[in-house]
Amino acid sequence: MAFQYWNEAIETMPRSELESLQITKLKEVIRRSIRSPFYKKRLAKTGINTPDDIKTLNDLKRIPFTTKQDLRDGFPYGFLSISREEVVRLHASSGTTGTPTTIYFSRDDLKQWASFMARCIYSTGCTKADVFQNMINYGLFTGGLGFHAGAEEVGMLVIPSGSGNTARQFRLMQDFGTTVVHATPSFLLHVESKMKEEGVSRKSLCLKRAFAGAEPYSEDTRRRIEELLGIDVYNSYGLSEMNGPGVAFECQCKNGLHIWEDGYIAEIVDPETLENVPEGTRGELVITILCREATPILRYRTRDLTGFIPGPCPCGRTHRRLYRIAGRSDDMLIINGVNVFPSQIEEVIMAIQEVGNNYLIEIDKEGVLDRLTVKTEVTPAMFMDDTRPLNALKEKIRRTLQTSITLNPRVELHESGSLPVSEGKAVRVKDLRPRDL
Ligand code: DLL
């Protein structure tokens, strides 16, 4: 396979040079951080008061972690390290679970972000000959504008369709010959179900690739989308605190996500002890951003569970690869004392062919015990007059889940298209247990 690089010198830079570059950039970040009210106070306590206090990357470990709560406490301007007049944009998290976290960008920050995004998009083989339909929310969410700018930088024809309205999405794809789409994996599965329902033939479309991210999904879900739509699907990872998308992305080898180490210093720590773990071991991803001047964030605890994949990637890029993100450390469910990640359930059910494109995990109480119910859609062919195949499928799902997660769930089968679909990130878990106050 011939690989193409957006910035070959940086993408294939020897690791020793890459690490020197990180130190140079980190010093600059420290110099700027001290101008923000939050870090001015925080760094004073660590003995790191000037860029010269950073000699090696190890010195970073003297700085405490920054958490989501710190960002909330600093709302609205506590992390700003340039003057308000130099800020040209903000993005914010939805704030459904508390004060929103807000990130500011200077003009140069937006340029850098677009260039990282272009690098991601180009690494999957896209060129300016492609027509790109951005089927994700625009607005305060970073997924829309982030990809939009990167795709324009590559020179693709960009259709800013936003998410939702599948009928209009199909029309745009057909009218303009869309070759690449971006969406959450759950929306891509929904699009596929709707295609069948509305009789849109795959042959009437020119689709070749999709970028899918913003929420966890399993390798089986990727394969399912690839097979159903006949396209390549690339995993895309990012978070608003670190600009948004463009932090880590799969190349054409589709074997882990390259985290761009000239823009981010990544660490993997044990979420309990907070000590760094060895390469290959999974833990929580901690990131320091090197490519943004307006809102520096040092050692941010992402809560995302992943690890560094050992060994080089055949594509020649030297930036390390992350395992597919398995979920968040704060996603873990404890059901009758057993720890379960929703991703473990997805892995089991999406590997079963007769299972449809959508599912929901519900936990409630039955007497004093927790009760787990897994609701899945089934492929349209399964809903016939004969209920025996449905009962057999239900039993198969129950048994496979029981072996894998050691809990005995109730399984409900639903008709294709009957479980709720969200246009943004999917809501897959409903925890209905009363909370102890
Ligand atoms: O979701 C940014 C983004 C937009 C990434 C478009 C990719 C594509 P937030 O809304 O701040 O930002 O949510 C970030 O989503 O900490 C992860 O828990 C999760 N997440 C994002 N990408 C992936 C992925 C955007 N590929 C949070 N796999 C992150 C698993 C993901 N989880």
Side-chain angles (χ1 to χ4, degrees), residues 66-68 71-72 90-98 100-103 113-114 116-117 120-121 124 132 134-151 160 162-163 180-188 210-222 225 233-251 254 256-260 264 266 271 282 284-287 289 295 297 300-307 321-332 341-344 346-347 422-429:
T66 304
T67 62
K68 184 110 184 159
L71 296 181
R72 288 194 176 130
L90 65 78
H91 280 281
S93 67
S94 61
T96 43
T97 54
T101 50
T102 313
I103 300 298
W113 184 21
F116 277 97
M117 279 311 311
C120 298
I121 292 170
T124 65
F132 173 63
N134 202 12
M135 305 194 296
I136 209 150
N137 286 340
Y138 279 67
L140 289 178
F141 177 61
T142 52
L145 286 169
F147 266 87
H148 186 106
S163 69
V180 186
V181 290
H182 170 220
T184 55
S186 48
F187 190 65
L188 285 173
F211 309 130
E215 65 187 12
Y217 60 117
S218 64
E219 193 54 45
D220 276 309
T221 299
R222 181 232 292 271
I225 302 171
V233 173
Y234 295 93
N235 195 355
S236 145
Y237 168 78
L239 58 163
S240 14
E241 296 83 349
M242 296 291 135
N243 283 355
V247 175
F249 218 85
E250 279 184 326
C251 65
K254 289 196 223 163
L257 302 106
H258 290 279
I259 178 151
W260 301 122
Y264 303 91
R282 290 168 205 255
E284 179 180 330
L285 178 64
V286 170
I287 312 183
I289 184 162
T295 332
I297 300 184
Y300 183 65
R301 285 193 62 183
T302 65
R303 300 281 174 179
D304 291 322
L305 299 172
T306 178
R321 287 166 301 155
L322 299 176
Y323 294 110
R324 178 178 287 281
I325 281 79
R328 301 170 52 80
S329 56
D330 44 13
D331 262 0
M332 194 180 72
F341 283 99
S343 59
Q344 288 174 285
E346 169 167 335
E347 233 165 72
S422 136
E423 288 178 1
K425 297 179 193 247
V427 181
R428 302 282 203 200
V429 179

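Predicted model, so just to flag it, every value in this text is computed and none were measured. Note that ligands are numbered from 1 as they come in the structure, with each ligand's atoms numbered from 1 the same way.
Nearest protein neighbour of atom 8 (C) of ligand 1, counting heavy atoms only, is Ser236 OG, 3.5 Å. For atom 31 (C) of ligand 1, the closest non-hydrogen atom of the protein is Glu215 N, 3.7 Å. The protein atom (non-hydrogen) at minimum distance from atom 19 (C) of ligand 1 is Ala214 O, 3.8 Å. Protein heavy atom in closest approach to atom 11 (O) of ligand 1: Ser240 OG, 2.4 Å. Residue, atom and distance of the protein heavy atom nearest to atom 29 (C) of ligand 1 are Asp304 OD2, 3.2 Å.
Counting the atoms of ligand 1 from 1 in the order shown, those under 4.0 Å from a heavy atom of Pro216 are 28 (N), 30 (C), 32 (N). Atoms of ligand 1 lying under 4.0 Å from at least one heavy atom of Thr142, given by number and element, are 2 (C). Within ligand 1, counting atoms from 1 as listed, the ones closer than 4.0 Å to a heavy atom of Arg328 are 16 (O), 18 (O). Short contacts between ligand 1 and Phe141, defined as distances under 4.0 Å to a heavy atom of the residue, involve ligand atoms 1 (O), 4 (C), 10 (O), 25 (C). Close approach of ligand 1 to Leu239 is summarised as follows: ligand atoms under 4.0 Å from at least one heavy atom of the residue are 11 (O), 12 (O), 14 (C), 16 (O).
A pairwise comparison of heavy atoms in Glu215 and Gly424 identifies OE1-O, 4.3 Å as the closest pair. Nearest approach of Val247 to Gly238, heavy atoms of both residues: CG2-CA, 3.8 Å.
Judged by the shortest distance from any of its heavy atoms, Lys425 lies inside the 4.0 Å radius around the atoms of ligand 1. Not a single heavy atom of Ser93 sits closer than 4.0 Å to an atom of ligand 1.
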Open item on the list: Using salt bridge (Lys or Arg N to Asp or Glu O under 4.0 Å), reason through Glu347 and Arg324 one step at a time and then give a plain yes or no.
Closed with: CA-CA 12 Å; Glu347 233 165 72; Arg324 178 178 287 281; over 6 Å; no
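Counting heavy atoms under 4.0 Å from ligand 1, residue Leu257 does not touch it at all.
Proximity of the aromatic rings of Tyr234 and Phe249 is defined here by a centroid distance below 6.0 angstrom, and this criterion is not met. In summary, the aromatic rings of Phe141 and His91 are positioned with their centroids too far apart to meet the 6.0 Å limit.
Residue His182 has no N or O atom closer than 3.5 Å to an N or O atom of ligand 1.
Tyr300 pairs in a side-chain contact (heavy atoms from CB on, under 4.5 Å) with only one of the listed residues (Leu285, Ile289, Leu239, Val286), which is Leu239.
Cation-pi geometry between Arg282 and Tyr323 is met: under 6.0 angstrom from the ring centre, within 45 degrees of the axis.
Comparing Pro185, Ser329, Ala248, Gly238 against atom 5 (C) of ligand 1, the shortest heavy-atom distance belongs to Gly238.
The distance from atom CD of Gln344 to atom OG of Ser218, rounded to the nearest 0.5 Å, is 12.0 Å.
Side-chain N or O atoms of Ser93 include one that pairs as donor or acceptor with a backbone N or O of Thr101 at under 3.5 Å.
Comment: Glu250 engages Arg222 in a salt bridge, judged by a side-chain N to carboxylate O separation of less than 4.0 angstrom.
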